[in-house]
K.L.:
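My structure is below; once you've seen it, I'll send some questions.
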Amino acid sequence: MTMTAWVRISVAMALAPVLASAQPAFQPPPPAFQTPSGNVHCRWDAGALRCQAQEFDATAPGVPSCTPPWPGLLSLRPTGHAETPCRGAALRNEDDFVLGYGARWIGAGVTCESEEAGLRCANGAGHGFQISRSRLTLF
């Protein structure tokens with residue numbers, strides 16, 4: 001084998017790990033995210049996706065009656081219907097990952113889609129919610 005052939009083989013072997021590492025690896029979803037507007041923040045915690053709308057129309061259909069007023073909280077597990085708890089810790093964190101419009105977050109049995117019209121999340125049973133400043137829909 002010529003010296004040129006040895007050099008080519010050596011260079012190819014040296015670059016193989018670099019080229020292999022350039023392949024995208026599976027990335028688990030971030031545990032927390034927010035919509036591009038910053039209005040809805042969500043966090044996966046204790047087997048449920050918890051979300052909170054920062055601003056919403058309290059008179060919109062579907063908004064629960066709570067005392068004190070509903071804090072914009074939603075909870076969705078991989079099975080069962082979405083819940084609208086009247087109490088809970090605030091979820092807002094400006095450092096959370098921004099789920100761009102048209103993007104999808106896929107967690108353990110729950111999927112969310114960020115749209116300009118709001119955030120839509122559903123579990124495998126087809127239950128979930130859509131929330132924006134002007135509406136709340138549970139399904």
Side-chain angles (χ1 to χ4, degrees):
M1 195 177 283
T2 67
M3 183 62 146
T4 305
W6 279 107
V7 170
R8 286 183 184 159
I9 291 171
S10 297
V11 169
M13 290 178 66
L15 289 178
V18 173
L19 295 174
S21 68
Q23 299 299 319
F26 170 74
Q27 295 282 330
F33 64 90
Q34 61 180 308
T35 57
S37 67
N39 187 46
V40 181
H41 288 250
C42 297
R43 175 170 304 282
W44 182 261
D45 185 39
L49 181 69
R50 296 178 49 237
C51 295
Q52 184 177 28
Q54 307 302 308
E55 296 177 15
F56 55 90
D57 179 357
T59 63
V63 171
S65 175
C66 298
T67 304
W70 183 60
L73 292 171
L74 295 146
S75 179
L76 183 62
R77 295 184 178 281
T79 59
H81 292 275
E83 298 175 359
T84 53
C86 288
R87 291 182 181 79
L91 298 175
R92 186 178 189 108
N93 182 343
E94 297 301 323
D95 295 329
D96 285 346
F97 173 80
V98 175
L99 187 65
Y101 294 130
R104 183 177 290 162
W105 180 90
I106 302 172
V110 176
T111 301
C112 295
E113 294 182 40
S114 176
E115 304 167 349
E116 288 188 44
L119 181 70
R120 177 181 169 78
C121 297
N123 60 23
H127 300 297
F129 61 85
Q130 182 165 3
I131 187 151
S132 67
R133 282 184 172 85
S134 61
R135 80 173 181 201
L136 168 64
T137 306
L138 302 178
F139 51 88

K.L.:
Going from CZ on Arg87 to CG on Leu73, what distance comes out if it is rounded to the nearest 0.5 angstrom?
P.N.:
11.0 Å
K.L.:
Taking all non-hydrogen atoms of both residues, which atom of Arg50 and which atom of Asp45 are closest, and how far apart?
P.N.:
NH1-OD2, 3.9 Å
K.L.:
Between Gly107 and Pro29, what is the shortest heavy-atom contact and its length?
P.N.:
CA-CG, 4.2 Å
K.L.:
Search all heavy atoms of Pro78 against all heavy atoms of Gly47 and return the closest pair with its distance.
P.N.:
CD-O, 3.4 Å
K.L.:
Show your working on side-chain contact (heavy atoms from CB on, under 4.5 Å) between Gln52 and Arg43 and close with a plain yes or no.
P.N.:
CA-CA 9 Å; Gln52 184 177 28; Arg43 175 170 304 282; over 6 Å; no
K.L.:
Quick check: does any side chain N or O of Glu55 sit under 3.5 Å from a backbone N or O of Asn39, one acting as donor and the other as acceptor?
P.N.:
no
K.L.:
Mind listing the closest non-hydrogen atom pair of Pro71 and Pro85 along with its distance?
P.N.:
CD-O, 4.0 Å
K.L.:
Which value, rounded to the nearest 0.5 Å, describes the distance between Arg104 atom CZ and Arg120 atom CZ?
P.N.:
10.5 Å
K.L.:
What are the two closest heavy atoms between Ser132 and Gly118, and how far apart are they?
P.N.:
CB-CA, 3.9 Å
K.L.:
State, without any angle test, whether Gln130 and Arg135 hold a side-chain donor-acceptor pair at a distance under 3.5 Å.
P.N.:
yes
K.L.:
With a 2.5 Å cut-off on the SG atoms, do Cys66 and Cys86 make it?
P.N.:
yes
K.L.:
Excluding sequence neighbours, so at least two apart, what forms ring pair (Phe, Tyr, Trp, His ring centres under 6.0 Å) with His41?
P.N.:
none
K.L.:
Might you work through the disulfide (SG to SG under 2.5 Å) test for Cys112 and Cys42, ending with a clear yes or no?
P.N.:
CA-CA 10 Å; Cys112 295; Cys42 297; 5.5 Å; no
K.L.:
Taking all non-hydrogen atoms of both residues into account, name the closest pair between Ala82 and Gly128 and its distance.
P.N.:
CB-O, 3.6 Å
K.L.:
Any chance you could pull the hydrophobic cluster mates of Phe97, using side-chain heavy atoms under 4.5 angstrom and chaining through other members?
P.N.:
Phe33, Val40, Trp44, Leu49, Phe56, Val63, Trp70, Leu74, Leu76, Leu99, Trp105, Val110, Leu119, Phe129, Ile131, Leu136, Leu138
K.L.:
Considering residues, nucleotides and ligands other than Arg133, do more than 12 of their heavy atoms fall under 6.0 Å from its CZ?
P.N.:
yes
